[in-house]
Amino acid sequence: MAEGKDIALMEKIVSLCKRRGFIFQSSEIYGGINGFWDYGPYGTRLKRAVEQLWWREMIELRDNVEGLDSTIICHPRVWQASGHLDQFSDAMCDCRDCKARHRVDQMEDTGVCPNCGSSNLTEPREFNLMMKTFVGPVFDEDHAAYLRAETCQPIFVDFHNVRVATRQKLPFGIAQIGKAFRNEINPRNFTFRSREFTQMEMEFFCDGAEGMKWFEYWKEERLKYYREKLGFTADFMRVYEHEKLAHYAKAAIDVEVKFPFGWGELEGVHHRGDWDMSRHQEFSGQDLHYMDHDSGRKIMPHVIETSVGLDRTILALLANAYDEDVAETNKQGQNTDVRVVLHLPPLVAPIQVALLPLSKKLNENAKQLYHDLNRYFRAEFDVTGSIGKRYRRQDEIGTPFCVTFDFDSLNDNAVTVRDRDTMQQERVGITQLRAMLDEKINISDASRKECR
Ligand code: ATP
């Protein structure tokens, strides 16, 4: 068993995701389609919260990074320039005995099947990962086009459009969030290796002389984001330094996290040199240099890339958050009730506060408070079942705070706030509630927008 591998945890996460509406198999009633996943109501809230957090941290709170929203299909020459059409392939080999298919670069011993141990393997074969389609009425090679395999290529292509429109000078970055498609031969590990997924990428353009400085800067910024915003600790996250670099790259690290199936890549921070811009200059025939008017020099911008998968971030958050604790034991000491709880960071939790009236008779007054809270936080109103059951339901989807509205609330204008992690309850005046939740959820004015 690989280090840190926890199959049971993975099964529990997959089951919770389906049961509570985080993530479903795509086209499930037709038997599903391998490598494609739909996000349900709580999943989309979580996904959007992470997207908005990333967007706020990477673009809105910075003066030197601009946003972009490019098309999924672009000119096929883009993918020739990027090398994807020629080289974007994985060498795969099949086991003739158990029929499992493996990526050769991920096999510890290339002569042996990792699944059954057989050495009866086929020769490695190359599979191109680009997804192909046709644009226009004729389905022939002249009309072939490709779904983007990464969101960064259109950023390079649009570099000068963005620069001119925004009057940015080097160094500055361009970022976008969007779908990417890869015809992965062996989609697996839930959403970790999907065929359609969302990337959040930022390309930072700078003078080559400053490349390493910016590489170090972005590496630290990204690690700080994971530590401070997503709560990833040193036992959950590590940095993998690439020893073998792509021929054009100057430095590269991966941020890896402990997924239930073992350590896996979450984000890459890469110093790509001037490879991307030079290639697009060569293939487009356009001069893509940057004119530095201060020094009078023509510069081919170098690129530092931070590239993270949104789906892998969601999976990492779920894996890090999932917990079970024993809520009750009987006289024989047996566990009679297990509490499933997601310790998600309040900033990205799908529901940040749940409003629970203790009796149906209180619904009307409680609903008014719920509407007030829902303007500032991701809130939910839940009236069904005993209060204990409602707490459990909220624990399971990671709601950090439950607010109980009871008969006393009508007189003392106060409610009981229950903390998901400590299970402590506190009586709070309704007029203080918003400020208290703001502080606990860690919503400062600067990050106000990111929580909605
Ligand atoms: P891997 O080695 O795991 O295939 P990669 O090095 O090819 O990943 P990049 O091309 O650097 O990945 O893509 C940047 C990010 O996009 C990855 O760090 C990952 O978070 C995400 N990503 C890449 N491929 C997939 C996929 N098939 N499913 C989900 N996310 C992906």
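These values consider heavy atoms only, across backbone and side chains, with no hydrogens, waters or symmetry-generated copies. In each ligand, atom 1 is the first atom listed, and ligand 1 is the first ligand listed. When a residue number appears, it is its place in the shown sequence, counting from 1.
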* Asked: Given Glu267, Arg182, His270, which has its nearest heavy atom closest to atom 9 (P) of ligand 1?
  -> Arg182

Check this for me - ligand 1, [X], N or O atoms closer than 3.5 angstrom, yes or no?
X      : result
Phe197 : no
Gln106 : no
Val308 : no
Glu150 : no

* Per the salt bridge (Lys or Arg N to Asp or Glu O under 4.0 Å) rule, which among Arg390, Arg418, Lys389, Arg420 passes with Asp395? -> Arg418

* Contacts of Trp55 that satisfy ring pair (Phe, Tyr, Trp, His ring centres under 6.0 Å) - sequence neighbours left out ->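 Trp55 satisfies ring pair (Phe, Tyr, Trp, His ring centres under 6.0 Å) with no residue once adjacent residues are dropped.
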
Give every donor-acceptor pair under 3.5 Å between a side-chain atom in residues 20-27 and any protein atom, sequence neighbours left out.
residue	atom	partner	partner atom	Å
Arg20	NH1	Arg393	O	2.9
Arg20	NH1	Glu396	OE1	3.1

* To do: Using the six-membered ring wherever Trp is involved, compare the ring planes of Phe156 and Phe205 and label them parallel, tilted or perpendicular (cut-offs 30° and 60°).
  =>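 Plane angle over 60°, so perpendicular.
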
* To do: Determine, using ring centers only, whether Phe204 and Trp214 are less than 6.0 Å apart.
  =>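 Under 6.0 Å, so yes.
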
* Asked: For ligand 1, is Arg103 a contact, meaning one of its heavy atoms is under 4.0 Å away?
  ->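 In this structure, Arg103 qualifies as a contact of ligand 1 - some heavy atom is under 4.0 Å.
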
* Return yes when Leu266 approaches ligand 1 closer than 4.0 angstrom through a heavy atom, no otherwise. => yes

* Per-residue contact class, Arg193 against ligand 1 - non-hydrogen pairs under 4.0 Å ->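 It is both backbone and side chain that touch ligand 1.
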
* Structure fact -> Quick look: Gln199 vs ligand 1, heavy-atom contacts under 4.0 Å, and the answer is side chain

Minimum-distance protein heavy atom relative to [atom]:
atom                    : value
atom 28 (N) of ligand 1 : Ser194 N, 2.9 Å
atom 29 (C) of ligand 1 : Phe192 O, 3.1 Å
atom 14 (C) of ligand 1 : Ser307 OG, 2.9 Å
atom 19 (C) of ligand 1 : Arg312 NH1, 3.4 Å

* Asked: Is a side-chain donor-acceptor pair under 3.5 Å present for Asp382 with Thr384?
  -> yes

* Any side-chain donor-acceptor pair under 3.5 Å between Gln176 and Thr151? ->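 No.
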
* Structure fact -> Near Glu265 (heavy-atom distance under 4.0 Å), the atoms of ligand 1 are 2 (O), 6 (O), 8 (O), 11 (O), 12 (O), 17 (C), 18 (O)

* To do: Please check if the side chain of Arg45 supplies one atom and the backbone of Arg378 the other of a donor-acceptor pair under 3.5 Å.
  =>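 Checked: no pair found.
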
* Close side-chain approach of Glu150 and Gln199, heavy atoms under 4.5 Å ->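 A side-chain contact under 4.5 Å exists here.
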
